[in-house]
Amino acid sequence: MADNMLPTINAERIWQRHLEMAQIGATPGGGVHRLALTSQDIAAHRLLAEWAEARGFAVEIDAMGNMFIRRPGSDPALAPVASGSHTDTQPNGGRFDGIFGVLAAFEALEAVDDAGLTTRHPLEAIVWNNEEGARFVPGCSGSAVYTGAMALDDMLDCRDRDGVTMRACVDDLRAALPAAGVRELGRPLAGFVEAHIEQGPELEANGNTIGVVGGMQGNRRFHVDVTGEDAHSGTTPRAGRKDAFVAATDMAVALREVFWDDEDVVRFTIGQFDVLPGAKSVVPGKASFTIDFRHPSAETLQELGDRVGPVCTAHAGPCHVETHEISSAVPVDFPKPMVSRIAAAAERRGFASQPIYSGAGHDARYLAETCPAGMVFIPCWRGISHNEAERAEPSDIAAGAQVISDVLVELAELP
Ligand code: HGY
Ligand code: MN
Ligand code: MN
């Protein structure tokens, strides 16, 4: 298709849609609190579905709560070409993480529709359920169940901290969108590209607009439970204590040393740390914490990750410790033809671009196991993300959406 035939996205429209979406779950600090399939997240799905219905696009939901918005192609027998990301956020998330990829995908469908273009393959904009894993652990369960990397019933049986199941939340989503069709789980896609803010400083530092993502590092996540004995803080001698906080902090300090590398490539984070009963005059009998470990090397992930259990046991003292591996994902490289296609699309549009590697995890990781997949990054202010101060510029959002639209249109013409 001649370059001048490629539809042009509407920069103002996609920016206004970001501002509208940012109202759903808006926090006083300027961020967004929209945990997976809470009423706020369901409201975001409903708003998107309203926009889709106004366009005459079909809306479907699968058994894992993933939502698919489709613009038909000339050959309905062909698998859809898709783009998308997630609407759920971290507890104090930003206004662009995830939602930019969803709105870039939707804008691509709208630009093609405005241009009156008939594509061979259907085009789809997808909202993957529970990417962040802030409410239901593990994250990316929507895309992982879609691709078969995680089991549907296991993920539907997951409970949040209040004991609510994912299954009940998917039912709530379907009840909120009664007009949505039922999508069978795992229907193949002919290709998938995801747009996302970089969540790192590289593009901004280099003055580039588009990051052509070559791959994504792997991860291993653990939950560590330490059991000691509640005791009176005034009468219990140190020698007689089974202080779970002391044991857990000894473990954390020891783990930080094990995961310390001078090259600063290892990403080791203890993001949740709970102490019970949490009373100032009670020696804690329970402590638990999470480990989020990431690295680009599968061997290092294996070697260092396997040390979590033994290190925790060695520092348990008089307490008992159990380490559970919550989830793991190997590093992924996107197929070269897709990476080149994205780079060429950015080049044709004259966007300053560079190759880049993703430190963050994304749904495209799982899609890459089932179809040609790739990612497009845009800069975010100082690389800040998972933070209410997260910020992206309208011009970069428009550029990212334009590359997504161009790539989707090209893919939709392939046999
Ligand atoms: O944690 C991640 O990498 C993603 O932002 N959920
Ligand atoms: Mn994200
Ligand atoms: Mn995120």
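Counting convention: from 1, in listed order, for ligands and their atoms alike. Computed from heavy atoms alone, side chains included, the values below leave out hydrogens, waters and symmetry copies.
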Inset, instruction - For the Mn ion (ligand 3), find the closest N/O/S atom on His386 and give its atom name. - result: NE2

Legend entry - Side chains of Asp114 and Arg55 in contact at under 4.5 Å (non-hydrogen atoms): yes

Legend entry - Criterion side chain to side chain contact (heavy atoms under 4.5 Å, CB included) against Asp88, the qualifying member of Thr38, Leu35, Val32, Asp41: Asp41

Inset, instruction - Could you tell me whether Arg34 and Asp97 make a salt bridge, using a distance below 4.0 angstrom between a side-chain N and a carboxylate O? - result: no

Legend entry - Side-chain donor-acceptor contact under 3.5 Å, Thr27 with Glu388: yes

Inset, instruction - Using only heavy-atom distances, determine whether the side chains of Gln354 and Asn206 contain a donor-acceptor pair under 3.5 Å. - result: yes

Inset, instruction - Decide whether Ser297 and Glu299 meet the rule of one side-chain donor and one side-chain acceptor closer than 3.5 Å. - result: yes

Inset, instruction - Look at Asp153 together with Arg167 and state whether they make a salt bridge at an N to O cut-off of under 4.0 Å. - result: yes

Inset, instruction - Give me the protein N, O or S atoms that fall under 2.8 Å of the Mn ion (ligand 2), sorted by chain and residue number. - result: His86 NE2, Asp97 OD1, His196 NE2

Starting from the N and O atoms of ligand 1, find every protein N or O within less than 3.5 Å and list the pair with its distance.
residue: ligand 1; atom: 1 (O); partner: Arg294; partner atom: NH2; Å: 2.8
residue: ligand 1; atom: 3 (O); partner: Arg294; partner atom: NH1; Å: 2.6
residue: ligand 1; atom: 3 (O); partner: Arg294; partner atom: NH2; Å: 3.3
residue: ligand 1; atom: 3 (O); partner: Gly361; partner atom: N; Å: 2.7
residue: ligand 1; atom: 5 (O); partner: His386; partner atom: NE2; Å: 3.1
residue: ligand 1; atom: 6 (N); partner: Glu131; partner atom: OE1; Å: 3.1
residue: ligand 1; atom: 6 (N); partner: Glu131; partner atom: OE2; Å: 3.1
residue: ligand 1; atom: 6 (N); partner: Glu132; partner atom: OE1; Å: 2.8

Legend entry - side-chain hydrogen bond (donor to acceptor under 3.5 Å, both in side chains) partners for Glu410, two or more places apart: Arg341, Arg348

Legend entry - Closest contact, heavy atoms only, Leu304 versus Phe259: O-CZ, 3.5 Å

Contacts under 3.5 angstrom, residues 176-195 side chains, donor-acceptor by atom type, not counting sequence neighbours:
residue: Arg183; atom: NH1; partner: Glu60; partner atom: OE1; Å: 3.0
residue: Arg183; atom: NH1; partner: Glu124; partner atom: OE1; Å: 3.3
residue: Arg183; atom: NH1; partner: Glu124; partner atom: OE2; Å: 2.8
residue: Arg183; atom: NH2; partner: Glu124; partner atom: OE1; Å: 2.8
residue: Glu184; atom: OE1; partner: Arg187; partner atom: NE; Å: 3.4
residue: Glu184; atom: OE1; partner: Arg187; partner atom: NH2; Å: 3.3
residue: Glu184; atom: OE2; partner: Arg187; partner atom: NE; Å: 3.0
residue: Glu194; atom: OE1; partner: Ala364; partner atom: N; Å: 3.0
residue: Glu194; atom: OE2; partner: Ser85; partner atom: OG; Å: 2.7

